[in-house]
S.K.: 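Mind having a look at this structure? Questions to follow.
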Amino acid sequence: MQKHWFIKQRPTTDNIQAMVNDLKVSPIMASLLTQRNLTTLPRIRSFFTPELSDLHDPFLMLNMNLAVERLHSAIENKERITIFGDYDVDGTTSVALVYSVLKDYASLDFYIPDRYDEGYGLSYKGIDVALEKGCTLMIALDCGIKEVEKVAYAKKKGLEIIVCDHHTPGSVIPDCIVLDPKQEECEYPFKELCGCGVGFKLLQAWFSKTGKSTEKLFDYLDLVAIAIGADIVPVTGENRILCKQGIQRMNENPRIGVLALVEQAQRSFPLDLSNVVFTIAPRINAAGRLKSGSRAVDLLLAESKQEAKKIALEIDEYNSERRILDAQTTEEALELIARDELFSNRKSTVVFQSDWHKGVVGIVASRLIEHHYRPTIVLTENKGEATGSARSVSGFNVYEAITACEHLLTQFGGHQHAAGLSMPLENIIPFKEHFDAYVQKHIQPLDEVEDLVIDLEIAPSDLFLAGESAFQIPRIYRMLEQMEPFGPGNDKPVFCVRNVYAEKQRILKEAHLKFDLVDPAKGIRLSAIGFSMADKADLVASGCAFDCAFTLEANTWNDKTTLQIQVKDIRETL
């Protein structure tokens with residue numbers, strides 16, 4: 001798929017030199033910092049060493065006083081509390097966080113709804129189970145902001161609910177205590193917390209009110225970091241503080257469940273946010289996709305290595321099964337698209353097949369965007385309804401597009417990048433038409449081609465200082481590591497080089513392109529890999545010069561670590 005290269009403007013020579021002189025960094029690092037508006041020592045210091053003392057006062061969040069008072073009252077009066085969370089990573093880590101912190105102070109249960117039996121969000125079954133156990137308070141994490149009827153049902157039955165959500169509210173707010181920084185009246189300074197982050201702020205506020213040391217609470221920041229990475233929220237502001245501190249704790253003293261999961265995946269510490277996103281998060285998600293999200297909570301709460309190892313093995317098997325279903329469903333969806341004669345006239349993708357596994361439709365939607373860069377919805381049948389997931393392209397708000405079709409839906413929720421929805425089976429075709437009509441009207445031409453944002457155009461030799469070689473890890477890479485965690489809002493720097501050549505090119509596992517990138521002018525040779533880029537093999541094998549966009553990675557093989565470039569795109573030099 002063709003990508004549009006957008007190369008950021010390089011800072012002026014004077015600005016770069018001033019940074020080099022003041023901070024004693026390389027010109028590349030000076031350029032990157034300047035581009036990110038990190039030009040003063042205080043800003044640079046807060047970026048590289050974010051402190052927990054910089055977290056916002058949790059009581060700035062709308063209704064936080066009410067939430068803390070209700071929680072404190074429940075604990076003081078020895079009420080039984082249910083911790084309810086969604087079955088995905090954000091929900092299960094939220095439950096593990098709140099349950100772990102409060103279990104020494106209160107009588108607790110936790111509940112994760114079944115993806116197939118109950119669906120997304122608060123469920124009547126979950127409410128009934130809490131009532132049967134004698135609970136009088138429920139803390140709903142990563143869900144609840146649009147559950148007006150279910151909250152009313154719970155309240156009528158005598159179960160009060162504190163909603164800790166981060167999704168976009170509907171026109172009516174549930175009649176309960178709601179914590180959600182996206183509420184219009186909420187003046188909380190940072191709006192992009194994940195669900196686990198909102199749960200953390202509730203605990204932070206309760207610790208503050210009761211005069212307890214927050215050190216115990218901060219020991220659980222690894223769970224918040226996992227949620228931030230998995231939920232693809234911006235890794236800026238308060239999220240950056242929580243995430244960086246959480247990953248540091250994860251590497252210094254990994255909890256038993258995370259350690260077992262990493263060992264089962266045959267990975268090693270230290271981990272970065274990318275490892276969290278591609279190793280830990282998919283496995284935690286697989287539990288909720290194929291079996292039960294409660295198994296993920298069990299793993300995160302595990303207190304013995306034996307128990308953790310057993311659950312980690314079980315979850316890893318779910319993940320292997322998920323991969324097979326993912327590949328099979330993607331192939332079937334692509335075949336449906338290929339047979340659709342009207343597809344070329346549309347600007348969106350909506351596909352439905354009744355026997356697809358509900359647990360993989362969101363992943364498949366993302367896979368389809370890799371082939372056809374359009375807002376995409378993948379639907380399957382569950383309990384006589386069409387239900388599925390939406391994923392968007394950069395710059396287009398898929399939640400607003402779905403909202404425009406709400407008259408055809410029975411339920412929906414999410415945010416601008418991703419959403420879930422359900423509808424009567426007979427509404428699939430009219431929904432498909434309404435959804436595409438909205439996309440046709442509102443999507444901008446630039447949003448229809450994937451942007452590859454490139455920070456700097458460089459020469460391969462720029463990566464190395466005097467005395468460094470391509471067989472070492474250069475200082476620039478060590479500096480880039482300090483910019484972690486990378487994610488939305490703080491993307492890993494992407495570089496491009498021009499007029500380079502390839503040698504020793506080969507295809508790995510029928511999908512990945514491996515080669516040596518060669519700059520004949522300087523005699524530099526770098527190991528390169530392009531994942532899922534076998535389609536570029538003919539270009540690099542042609543002997544012609546090409547331009548290459550990439551990120552820098554460290555590759556360890558046989559206990560030897562060398563610099564490797566991870567290719568993002570290749571195009572023929574004009």
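None of these values were measured; they are calculated from a predicted model. When a residue number appears, it is its place in the shown sequence, counting from 1.
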S.K.: Within the side chain of His512, is there an N or O that forms a donor-acceptor pair under 3.5 Å with the backbone of Ser532?
M.R.: yes
S.K.: Could you check whether any side-chain heavy atom of Met61 comes within less than 4.5 Å of a side-chain heavy atom of Leu193, counting everything from C-beta outward?
M.R.: yes
S.K.: Does the Glu457 side chain pair with the main chain of Arg498, one donor and one acceptor, at a distance under 3.5 Å?
M.R.: no
S.K.: Does atom CD1 of Ile232 have more than 12 heavy-atom neighbours, drawn from other residues, nucleotides or ligands, at distances under 6.0 Å?
M.R.: no
S.K.: Determine, for Phe343 and Arg374, whether the Lys NZ or Arg CZ falls below 6.0 Å from the six-membered ring centre while staying within 45 degrees of the axis.
M.R.: yes
S.K.: Between the side chains of Glu331 and Thr329, is a donor N or O closer than 3.5 angstrom to an acceptor N or O?
M.R.: no
S.K.: Given the rule in the ring-ring contact (aromatic ring centres under 6.0 Å, His included) test, do Tyr438 and His434 qualify, once you have shown the distances and angles that lead to the verdict?
M.R.: CA-CA 6 Å; Tyr438 182 94; His434 276 79; over 10 Å; no
S.K.: Which atom names give the shortest non-hydrogen contact between Cys194 and Asn239, and what distance separates them?
M.R.: N-OD1, 4.5 Å
S.K.: Looking at every heavy atom in both Val494 and Val453, which two are closest together, and how far apart are they?
M.R.: CB-O, 3.5 Å
S.K.: Where do Ile284 and Ile315 land on the side chain to side chain contact (heavy atoms under 4.5 Å, CB included) test, with the steps shown first?
M.R.: CA-CA 7 Å; Ile284 293 176; Ile315 285 178; 6.0 Å; no
S.K.: Charged N to carboxylate O under 4.0 angstrom, Arg36 versus Asp455?
M.R.: yes
S.K.: Among side-chain atoms of Glu332 and Gln353, is any donor-acceptor pair under 3.5 angstrom?
M.R.: yes
S.K.: Between atom CD1 of Ile402 and atom CG of Leu408, what is the distance when rounded to the nearest 0.5 Å?
M.R.: 12.0 Å
S.K.: Count the heavy atoms of every other residue, nucleotide or ligand shown that sit under 6.0 Å from CD of Glu149, and state whether that count exceeds 12.
M.R.: no
S.K.: For the pair His166 and His415, name the ring-plane relationship: parallel under 30°, tilted 30 to 60°, perpendicular over 60°.
M.R.: tilted
S.K.: According to the interplanar angle, ranging from 0 to 90°, do the rings of Phe84 and Tyr111 count as parallel (below 30°), tilted (30 to 60°) or perpendicular (above 60°)?
M.R.: parallel
S.K.: May I ask you to decide if Glu484's main-chain N or O and Arg240's side chain share a donor-acceptor pair within less than 3.5 Å?
M.R.: yes
S.K.: Would you check if the side chain of Lys182 reaches a backbone N or O of Thr168 as a donor-acceptor pair within less than 3.5 Å?
M.R.: no
S.K.: Looking only at atom types and distance, does a side-chain atom of Ser366 sit under 3.5 Å from a main-chain N or O of Val364, one as donor and one as acceptor?
M.R.: no
S.K.: Identify, with sequence neighbours excluded, every residue that meets ring pair (Phe, Tyr, Trp, His ring centres under 6.0 Å) alongside Tyr120.
M.R.: none
S.K.: Which heavy-atom pair separates Leu122 from Ala140 by the least distance, and what is that distance?
M.R.: CD2-CB, 4.2 Å
S.K.: Under 3.5 Å, is there a donor-acceptor pair between the side chain of Asn490 and the main chain of Gly487?
M.R.: no
S.K.: Can we say Asp451 and Lys3 salt-bridge, meaning some charged N sits less than 4.0 Å from an Asp/Glu carboxylate O?
M.R.: no
S.K.: Run the ring-centre check on Tyr116 versus His357 and record whether the distance is less than 6.0 Å.
M.R.: yes
S.K.: What distance separates Ile280 CD1 from Thr93 OG1, expressed to the nearest 0.5 Å?
M.R.: 11.0 Å
S.K.: Mind listing the closest non-hydrogen atom pair of Ala281 and Ala230 along with its distance?
M.R.: CB-CB, 3.7 Å
S.K.: So, Tyr188 versus Glu238: side-chain donor-acceptor pair below 3.5 Å or not?
M.R.: yes
S.K.: Which residues satisfy the ring pair (Phe, Tyr, Trp, His ring centres under 6.0 Å) test with Phe47, sequence neighbours excluded?
M.R.: none
S.K.: What pair of heavy atoms forms the shortest contact from Ala390 to Val398, and how long is it?
M.R.: CB-CG2, 4.0 Å
S.K.: Any salt bridge linking Asp117 with Lys383? Criterion: basic side-chain nitrogen under 4.0 Å from a carboxylate oxygen.
M.R.: yes
S.K.: So, Asp165 and Lys146, do they make that salt bridge, N to O below 4.0 Å?
M.R.: no
S.K.: Considering all heavy atoms of both residues, which atom of Val258 and which atom of Leu300 are nearest to each other, and what is their separation?
M.R.: CG2-CD2, 4.2 Å
S.K.: With rounding to the nearest 0.5 Å, note down the distance linking CG in Leu271 to CZ in Phe278.
M.R.: 14.0 Å
S.K.: Supply the atom-to-atom distance Asn285 CG to Asp88 CG, rounded to the nearest 0.5 angstrom.
M.R.: 6.0 Å
S.K.: Is the closest basic N to carboxylate O distance between Asp326 and Arg323 below 4.0 Å?
M.R.: no
S.K.: Is it true that, when you exclude Lys150 itself, more than 12 heavy atoms of the residues, nucleotides or ligands shown sit nearer than 6.0 Å to its NZ?
M.R.: yes
S.K.: Could you give me the CA-CA distance, side-chain angles and deciding distance for Lys291 and Glu314, then say whether salt bridge (Lys or Arg N to Asp or Glu O under 4.0 Å) is met?
M.R.: CA-CA 10 Å; Lys291 187 66 174 179; Glu314 180 185 324; over 6 Å; no
S.K.: Counting neighbours of CD on Glu426 that are heavy atoms of other residues, nucleotides or ligands and sit closer than 6.0 Å, is the number greater than 12?
M.R.: yes
S.K.: About how many Å separate CD of Glu321 and CG of Asp316, when rounded to the nearest 0.5 Å?
M.R.: 12.0 Å
S.K.: So Asn319 and Glu317, side chain to side chain donor-acceptor pair (under 3.5 Å) or not? Walk me through it.
M.R.: CA-CA 5 Å; Asn319 191 52; Glu317 289 172 351; over 6 Å; no
S.K.: Atom SG in Cys405, atom CZ in Phe431: separation rounded to 0.5 Å?
M.R.: 5.0 Å
S.K.: Does Ser348 offer a backbone N or O that forms a donor-acceptor pair with the side chain of Asp436 under 3.5 Å?
M.R.: yes
S.K.: Under 30°, 30 to 60°, or over 60°: which ring-plane class applies to Phe412 and Tyr399, parallel, tilted or perpendicular?
M.R.: tilted
S.K.: Does Trp356 offer a backbone N or O that forms a donor-acceptor pair with the side chain of Thr380 under 3.5 Å?
M.R.: yes
S.K.: Count the heavy atoms belonging to other residues, nucleotides or ligands that lie under 6.0 Å from CG of Leu446, then report whether that count exceeds 12.
M.R.: no
S.K.: For the pair Arg283 (side chain) and Thr279 (backbone), establish whether a donor and an acceptor sit closer than 3.5 Å, ignoring hydrogens and angles.
M.R.: yes
S.K.: When you measure from the side chain of Asp142 to the backbone of Asp86, do you find a donor-acceptor pair of N or O atoms at a distance under 3.5 Å?
M.R.: no
S.K.: Does either side chain, that of Lys514 or that of Gln564, offer a donor lying less than 3.5 Å from an acceptor on the other one?
M.R.: yes
S.K.: Would you call Glu381 and Lys358 a salt bridge, using N to O less than 4.0 angstrom?
M.R.: no
S.K.: Can you establish whether the number of heavy atoms outside Leu508 located under 6.0 Å from its atom CG is more than 12?
M.R.: yes
